[in-house]
Each structure stands twice: as structure tokens, then as C-alpha cells.
Amino acid sequence: MGAEAAVHRTQMMGHKVSLRTMSNPFVQIVEPLDAKEPLKKFFNLSKLEDVRYARLPFSIRVLLEAAIRNCDEFLVKKQDVENILNWKVMQHKNVEVPFKPARVILQDFTGVPAVVDFAAMRDAVKKLGGDPEKINPICPADLVIDHSIQVDFNRRSDSLQKNQDLEFERNKERFEFLKWGSQAFKNMRIIPPGSGIIHQVNLEYLARVVMDQDGYYYPDSVVGTDSHTTMVDGLGVLGWGVGGIEAEAVMLGQPISMVLPEVVGYKLLGNPQPLVTSTDIVLTITKHLRQVGVVGKFVEFFGPGVAQLSIADRATIANMCPEYGATAAYFPVDDISIGYLVQTGRDKEKVLCTKKYLEAVGMLRDFKNSSQDPDFTQVVELDLHTVVPCCSGPKRPQDKVAVSDMKKDFETCLGAKQGFKGFQIAPDRHNSVIKFNFEGCDFELAHGSVVIAAITSCTNTSNPSVMLGAGLLAKKAVEAGLTVKPYIKTSLSPGSGVVTYYLRESGVMSYLSQLGFDVVGYGCMTCIGNSGPLPDSVVEAITQGDLVAVGVLSGNRNFEGRVHPNTRANYLASPPLVIAYAIAGTVRIDFEKEPLGISASGKKIFLKDIWPTRNEIQAVERQYVIPGMFKEVYQKIETVNEAWNALDAPSDKLYTWNPKSTYIKSPPFFDGLTLALQTPKTIEDAYVLLNFGDSVTTDHISPAGNIARNSPAARYLTSRGLTPREFNSYGSRRGNDAVMARGTFANIRLVNKFIDKQGPQTIHFPSGETLDVFDAAERYKQAGHPLIVLAGKEYGAGSSRDWAAKGPFLLGVKAVLAESYERIHRSNLVGMGVIPLQYLPGEDARTLGLTGRERYTIIIPENLKPQMNIQIKLDTGKTFHAIMRFDTDVELTYFHNGGILNYMIRKMAS
């Protein structure tokens, strides 16, 4: 498709086209699902009478159905349908296909800036003479507020209430703004704070599996502004994370333009061993698929082993899809999925329709029937019986460590060279011990001491087997007289109220509380860095001894600087193991040889003595995890929070910006925007702002956690009259571009090759001064110098964080030159008009001899094409080529407009 055709096509995007008013070339396969309800129809894909359909991966069938249903020769063309149907051939052709997901889901960290953008877009459309109310979600959107609560209080019975009170005190302004958004914009529902974690709420409540809308049945599908949106793939709802910018476009009716993906078939065989949890399985799969290489691909699970996994187990595996790098991790719907809908209290009539529809279109899977196995790009296998209990760390989720090797592995990491598996601690300091006093008692800390133990994250709290396993382990530990040292910050943050319900009803909640694992809130909390402060005496001891202190959490990410500034080592583990390491107080323990503690009678208590069996856990789960719980919790989810109900929100359709606000600010993205397009120009003599190695994450680029008191963002907030106690987190201030620009590249663990130590600083080359990154960027901007960033592999890995693209844009970064990109981050850069450049195969900064101290001229030709090679000239006289990673014609259209939001404003205004 040529650029001109792409522009015409994208101009048509966003118009909601009724099937009754537009001619669909596939209308002949429309029929009622039930003859008794002739007005409820579906596109019967089995009537395509095309042998290729039965060989398609089930995930690709979802893409195909969406293309057929939306085919109108404007948004979606008949050729797009043919390309998807011909997947076996076209998967290798880098062909672009459109996809219109059924719905969008957002969390508040990414949702607030989305609503800010929508409000600003309404203002911009009005300035250009258009109707501002055209800026309105067309695709249904749910926003779950789960990222704002922090673990300020723990180990007390009122922790939950106190943390929720503080959450509202800190975020009242943001919450009022979101409430305004839910009233000002149609088709947007807000799930209030205190309800649970976005992906668990999606799994247990929001997911339909089959949509029943506008007179048609069709597969549920979703994109979300959180990379772990993939969790719902475990239920058979195709979904993945997109950038906030891309999600906004989908909400406005744009289809996603994507390259037709390869699909890796992941065959599961055998049965897990009795002591193995779903967490152990997902950490094993994460390491395996990282080694296979699945970036940009779908992974689809099949084989008889899938039938051994509950939906909660599958959802745990699908949740960590971003950690193994795939776009989606799909488990097709089977009878176990249908049973889960019943178990979680879904309407029984709708469940019957769901099964009937999936059978009719050939999308109901029987994993034990190998004749149903479709074609895959490649197949890899895992025998579940080979999985052993494990953790991952100390700095990346793919670095799996068997529990039996943890002690040895950590001690090796202590002395190893600084890196993903190294802390470079001098050998004579490996056994350093620092004494400290906490609440009148003396304690000791050493390298490997656990200071944070958090049962957190939808990855695991959505799974009754591991949560009840943790509860039963706690019961046995308490009965054996075991305790957790009082200075360890323990916490339990379930992903929904259902978890608390079954923990309480089964009688294990009191034992968790006795070990310090009280419920501290319903939200992401420690998993996203909202771990709150550690005791001062603990921080002082860690600092005094330069100790590698440890956080152990049942989360999905453990990148440096994410969990807590004072825990340099962080391990992902199942909830029962979190408790085990909390009791041990250190990761330098071999559970097979060393006891957790000594009972009152003097008996050594080993982990195997208190570890519950699979049969014990399943018996409790069958008795206590029942449909009535889900119905009771979710029928009042939108009204149960009294503090939310009491919030006042303005009713105007245009938002009245408060110039005194430090949370919500009209962004400068659309300043000076005109209806006329500007021709992209060559980037002349750009300086390198930062020079990175591999695996720079969105946490490095745009941190979500605490605002350091000596940072540019802190100085700005102080200048606005705030005290450090009122700073809140970067994540909570994503509605204010002034804070977020200053917070860009502000991670204290940032490794910039220009600087010989970790920290958020760089060299301002014209002066030779070492400055905070924001201050250096401001100097460059004032002098009129464009900027670029150099990076290695996997640039932008981690959370789908739109500010990781918006922030560099505001700093004046015009392009990034990297060896490879994380999928969502590349899309976000495109959405902001920042050019993602990629070295040619076999080349990188080292082979080209780049130091980053050169000045770069990036030649932008007039006639751009997807993935074209462009020339880069250095002030040293050297010239080389790189790939301009605009992968589709649609992305080029966005670039010509200066970004996707500018494009949408121009279209709506005209």
C-alpha cells in the first residue's frame, strides 16, 4: 500500500460505521446464533468454506473475525482479510493488517495522562474551529484506579484504612479529575480506588470472552495501557499492552495497525510436581522463551499439559508475557475457561451463549485432541514435570534461580562484576554485619538480608492455589512457633476483594496477620515501586554497610531501582516462598539443609515441614472459592467506596485548568498546532544526551516511584510551595508535564556511559559540565541544539509507559538510535513523533566506533517508506546508515503529522 493510499485510509479511521448502513463483502456469512433470537447475529467463520481457516492458530482466528466483521473497504479492506486468512504464507512478509479490539482498559497512572490528553485535545479542536465533543471514546473503555496506593502502614490491623486515607489525601485532585472525565466523556467507566488490580478485575469481572453488542456476537479482545494486559489471554481473551498514546487513538475509533505476527506454539506436556507452584512454572517459561526469542510474536499454548492448568495458572503465565518479550501469550478458550466463568459468578445464560458461539465459529479448544492443533511458525515444548521451585533475580525477571541454588547464586552475585548478575562487592566485605536498633531491640543486617517481603501483584494474587498455599504455610509456621523479624516490611496487597474473602472464610487470614502479612491495600503497591518507606534505622544500617539488602515479592518485575531504592537485590517468588524468606530473614539460606527456625521444644523446623501439599490446597480451594463471593464483591464494585462517592467533580465538557495545580496541567504538545502539515526536516548536528548499553527499561527512562529530594522535579515542586512529604510519586504526577519532563531519566540506578557511576546525570558537552539530565537538556534547548539518545538492545523494555516517550520529546530528543526496541516503547516513540532508528544487522556503536561525543546529522529524505535505510553523518566525517523504524505506512502518516494525537486533532477539527 502506498503512502497516499495510507493517508486516505487513515483519514477514514475513527468513523463508526454501522454494518446496517455500509456494505460488508462478507455479509453472506451473517446468521442468527439462535433461531429464537433472529436479531442477535454473528459472522459464521465456518461458512467461509476455506480450508486455511481450520489450520490458523486460534489467536489469528480472533484477528480474522475482527477484520471480517469490520470489513467495509475503508477501515478494513478485503485484501486485509485475505492476508490474515493466508497467515501461513503472509506471516513472513512483514505485511500490515488492521485490528479493531473490542474494548480498551486503562489504569490510573496511564489513565490520568490519557484523560489529560483528551481534555487538551478538546481545547485544541475548539481552537482550530472544530467541535470539541467529537473528542470522545468510541471504543468502550474501563479505567481501574489501582496504581496510587502505597504501603505507608503495615503490620497493624488498621493498615488498609490508613493507607487508603493517605491515598485520597495525596490524590484527591487526580481522582476529582478522573471523575470529571467519567462524566464528560461517553463510553468511559471508572472502577474506583480500593477495588483491586486492573488485570485481576479484568479477569474476574470485566472480561466477556464473547461480546454481545450492537446486535452481534464476536470474540472479546482488549488493548490496555499496561503491559500486563496480556493476563486476560489466560482466559482466552486476546489482549496486549499498548502505549497510552496508541490506546487513545483506539478509543477514538482508530484500528491498531500491526504487522501480522508469527505465532510460536508452546506445547505443554506432563503434570507439575507436587511442590511446584504456578509461579515456578511461569518463571521457568519466562527464562525459556527469552532464550527462544519471541519479541514481536504471539505465543499460543497447546498440548495436553494445558488441561492440567487452571485458568488462574494460565493467567499467571500470560501475565508475564512482557517479561519473555512476546506481544501476546494466548490460551484458547476450552471447557475449563467456560467453567471459570461460572465459578466467578458470570450470568449462566450468557455463559451458554458464549460456548455456543465459540463452537459455531471453531474457536472452542480441546487441548487433549491433537487433531485440533493448528499450524505454528515454530513449536517449542516444556514438560511440566521438569519444573522445580524457583525464584528470579536479582535484577531481571528472566534470570531464574532454582530455590536449591539461591544461597550459592546470591553469594556468587555479590562478588561478580557489576551487571545483571553482579554487585562487585569486595571479597573482604562479603560477610559484613551491621548492628542496629529497631523499636528498642538490637538486630543485625548483612548482605542478603530480607528487608521487604511482599505478597503483591495480580500475577499471583489472582491465583487461589498460591494464595491459599501461602495462608496454609503461614498457619503451619505460626503453629510451629516461627516468626518474622519486626523490621522486615511485610505486606499483603490482594488484586481483588475476593481474595480477602476466601482467605478469611478459610480461616488462614489470622495466621498471615500474625506473621505481619496484613492486608495493606487493594492495588499494585510494591510490585510497581509503591513500597513506601523502610524504617530509618534499617536504611541507616544498609547505607552504613553499603549492604546489598533484598526485597522478595510475588510480582512480575524486579528491575534495579523499581521495588525500593534501598533494595539492590530483588527476587520474584511465589507467595509461599515470600513468607518462607521473610521467616528466614535472608536469601543466604539452603532450605534443604538449614532450618527456618527452632520450635519451643527445641526441634529444628525446615521448610518442607510446613509446606502444604497440592491436595491440601485444592481441598480448601474447592470449599471456599465459590461463585457467591465473586457476585457479592463485584455487584457493588462501582459504588462501595464512600470517599470516591463523596468527591465533587465539575460537569463542564471542557476542563477548567487550575494554574495552581501541581497534579493536572494542560500539556504543551499541541501548542502552535495548525491544520497545515509541516514537512519533516533533516536533524542537523544533534548532540547525544545519553549513551546507554542494553536493557534500558521504561523505569530508567521515566520512573514511577519516589521523587528524590535532590532532583529537578523536587526543586520544581519545592518552588511551588510543596514540602517533601507532599511530593508523592512520579506515577501520581503523570498529569503534570512539568514534573514528568524533569523526572525523565531521573532513575537513581541509571547507567550512562558518559558518567563513571550510577545516577541521573550526563555531560553537557559544550561546557563540559556534569549536570542532571533535565538541566543539561534545558541548556541544549536554549541554545537551539537538537538531541538524540544512543542505546543497545531491548531499549524501552518494561512497563508500557507513554511518558517514556513524552518525556524525551519534551527534553528535545528528536531520535533514538538503538540495536533493538521493546515493541510498545517503539510504538510510543512513533506516537510522539520521535524517530526510532535501528543499527543495521551486525552493526552497533562498538563496531562503528561511536563514542557518543560526536554530533549527528540524520538525513530525512522527502519520500519516506516503511523501514527504509537512512544516512547519518557525523561531525568527524564518518557516515553510516540505520533503519528508520516506522514499520507501516500508517506510522509514517503519524510522523508527517508530528505524532498520532496531532493527526487525530487535525482530522477531528476538519
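For the numbers below, each heavy atom of this structure counts, side chains included, while hydrogens, waters and symmetry mates do not.
In this structure, a donor-acceptor pair under 3.5 Å is present between the side chains of S227 and R557. R801 and T110 share no donor-acceptor pair across their side chains, judged by distance under 3.5 Å alone. Residues T459 and N319 bring a donor and an acceptor atom of their side chains to less than 3.5 Å of each other. Side chains of D226 and Q107: a donor-acceptor N/O pair is present below 3.5 angstrom, by distance only. Checked by atom type, the side-chain pair S531/Q150 shows no donor-acceptor distance below 3.5 Å. For the 3.5 Å distance criterion, the side chains of D518 and S513 qualify, holding a donor opposite an acceptor. Under 3.5 Å, the side chains of E540 and T543 contain no donor-acceptor pair of N or O atoms. Inspection of the S148 and E167 side chains reveals no N or O donor paired with an N or O acceptor under 3.5 Å. Between the side chains of D313 and N463, at least one donor-acceptor pair of N or O atoms lies under 3.5 Å. Side chains of S493 and T456: a donor on one and an acceptor on the other come within 3.5 Å. A donor-acceptor contact under 3.5 angstrom links the side chains of H228 and E323, judged on distance only. Side chain to side chain, S574 and T279 fail the donor-acceptor criterion of an N or O pair below 3.5 Å.
Under a 3.5 Å cut-off, the side chain of E794 and the backbone N or O of S695 do not form any donor-acceptor pair. A distance-only check finds no donor-acceptor pair linking the side chain of Q398 to the backbone of Y324 [under 3.5 Å]. A distance-only check finds no donor-acceptor pair linking the side chain of S732 to the backbone of N728 [under 3.5 Å]. In terms of modelled atom types and a separation under 3.5 Å, the side chain of D108 and the main chain of H147 share a donor-acceptor contact. With T567 contributing its side chain and N570 its backbone, the two residues share no donor-acceptor pair below 3.5 Å. Judged by distance alone, the side chain of D280 and the main-chain N or O of C390 form a donor-acceptor pair under 3.5 Å. The closest donor-acceptor contact from the side chain of H447 to the backbone of R429 lies under 3.5 Å. For W803 (side chain) and M740 (main-chain N/O), no donor-acceptor pair under 3.5 Å exists by modelled atom type. Side-chain N or O atoms of T762 include one that pairs as donor or acceptor with a backbone N or O of L689 at under 3.5 Å. No donor-acceptor pair under 3.5 Å is formed between the side chain of R742 and the backbone N or O of S711.
Distance OG1/T770 to CG/N752: 9.5 Å, rounded to 0.5 Å. Distance check, rounded to the nearest 0.5 Å: CD of E444 to OG1 of T586 gives 12.0 Å. Taking CD of Q424 as the reference point, atom SG of C413 lies at 12.5 Å (rounded to 0.5 Å). Considering CG of L283 and OG of S278, their distance stands at 9.5 Å, rounded to 0.5 Å. Residue R156 holds its CZ atom at 5.5 Å from CZ of F153, rounded to the nearest 0.5 Å. Taking CD1 from I455 and OG1 from T461, the interatomic distance works out to 10.0 Å, rounded to the nearest 0.5 Å.
We find that D775 and R715 are joined by a salt bridge, their nearest charged nitrogen and carboxylate oxygen being less than 4.0 Å apart. For the pair D405 and K408, the salt-bridge criterion is not met [side-chain N within less than 4.0 Å of a carboxylate O]. The residues D699 and R562 are annotated as salt-bridged, a charged nitrogen and a carboxylate oxygen being separated by less than 4.0 angstrom. Using a 4.0 Å cut-off between charged nitrogen and carboxylate oxygen, R170 and D152 count as a salt-bridge pair.
Of all heavy-atom pairs between V520 and S491, the closest is CG2-CB, 3.8 Å. In plain terms, the two heavy atoms of A312 and S462 that are nearest each other are CB-O, 3.8 Å. Taking every heavy atom of both residues into account, P397 and S392 meet most closely at O-OG, 3.0 Å. Taking both residues in full, the closest heavy atoms of D772 and N710 are given as OD2-O, 4.2 Å, listed atom of the first, atom of the second, then distance. Here the closest non-hydrogen pair linking C391 and M406 is CB-SD, 4.0 Å. Here the closest non-hydrogen pair linking F109 and S729 is CZ-OG, 3.9 Å.
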(request) For side-chain contact (heavy atoms from CB on, under 4.5 Å), just list the numbers for R588 and E411, CA-CA rounded to whole Å, side-chain angles, deciding distance to a tenth of an Å, and then say yes or no. (result) CA-CA 8 Å; R588 297 171 82 170; E411 290 175 347; 3.2 Å; yes
(request) With side-chain contact (heavy atoms from CB on, under 4.5 Å) as the test, would you mind laying out the steps for K476 and L473 before giving the verdict? (result) CA-CA 5 Å; K476 294 184 178 189; L473 184 140; 5.9 Å; no
(request) Please assess F692 against F754 for the test ring-ring contact (aromatic ring centres under 6.0 Å, His included), listing each intermediate value before the final yes or no. (result) CA-CA 9 Å; F692 293 130; F754 295 149; 9.2 Å; no
(request) Take S404 and E592 through the test side-chain hydrogen bond (donor to acceptor under 3.5 Å, both in side chains) and record every step on the way to the result. (result) CA-CA 7 Å; S404 57; E592 294 177 11; 4.6 Å; no
(request) Check the pair I598 / I605 against side-chain contact (heavy atoms from CB on, under 4.5 Å), numbers first and verdict last. (result) CA-CA 6 Å; I598 310 294; I605 308 295; over 6 Å; no
(message) The test is ring-ring contact (aromatic ring centres under 6.0 Å, His included); show your working for Y571 and Y581 and say whether it passes.
(response) CA-CA 10 Å; Y571 287 93; Y581 280 111; 7.7 Å; no
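Counting non-hydrogen atoms of neighbouring residues, nucleotides and ligands closer than 6.0 angstrom, the CG atom of D536 reaches no more than 12 such neighbours. Applying the 6.0 Å contact sphere to CZ of R709 captures no more than 12 heavy atoms from other residues, nucleotides or ligands.
Side-chain rings of H825 and Y795 approach one another, their centers coming within less than 6.0 Å. Between F774 and Y716, the distance from one ring center to the other does not fall under 6.0 angstrom. A centroid separation of 6.0 Å or more is found between the aromatic rings of F420 and F559.
Side-chain contact check for T526 versus I452: some heavy-atom pair is nearer than 4.5 Å. Between L492 and N154 the shortest side-chain heavy-atom distance does not fall below 4.5 Å. In this structure the side chain of L607 reaches within 4.5 angstrom of the side chain of L577, judged on heavy atoms. Residues R155 and V484 have side chains in contact (heavy-atom distance under 4.5 Å, counting atoms from C-beta outward). Side-chain contact check for D399 versus R396: some heavy-atom pair is nearer than 4.5 Å. Counting only heavy atoms from C-beta outward, the side chains of N566 and V451 never approach each other to under 4.5 Å. With a 4.5 Å cut-off on side-chain heavy atoms, Y487 and E439 do not count as touching.
K475 forms a cation-pi arrangement with Y511, by the criterion of a distance under 6.0 Å to the ring centre and an angle within 45° of the ring axis. A cation-pi geometry, defined here as NZ or CZ lying under 6.0 Å from the six-membered ring centre and within 45° of its normal, holds between R733 and Y663. Taking the ring centre of F423 as origin, the terminal cationic atom of K395 falls inside the region bounded by 6.0 Å and 45° from the ring axis. The cationic atom of K608 (NZ for Lys, CZ for Arg) lies less than 6.0 Å from the six-membered ring centre of F606 and within 45° of the ring axis.
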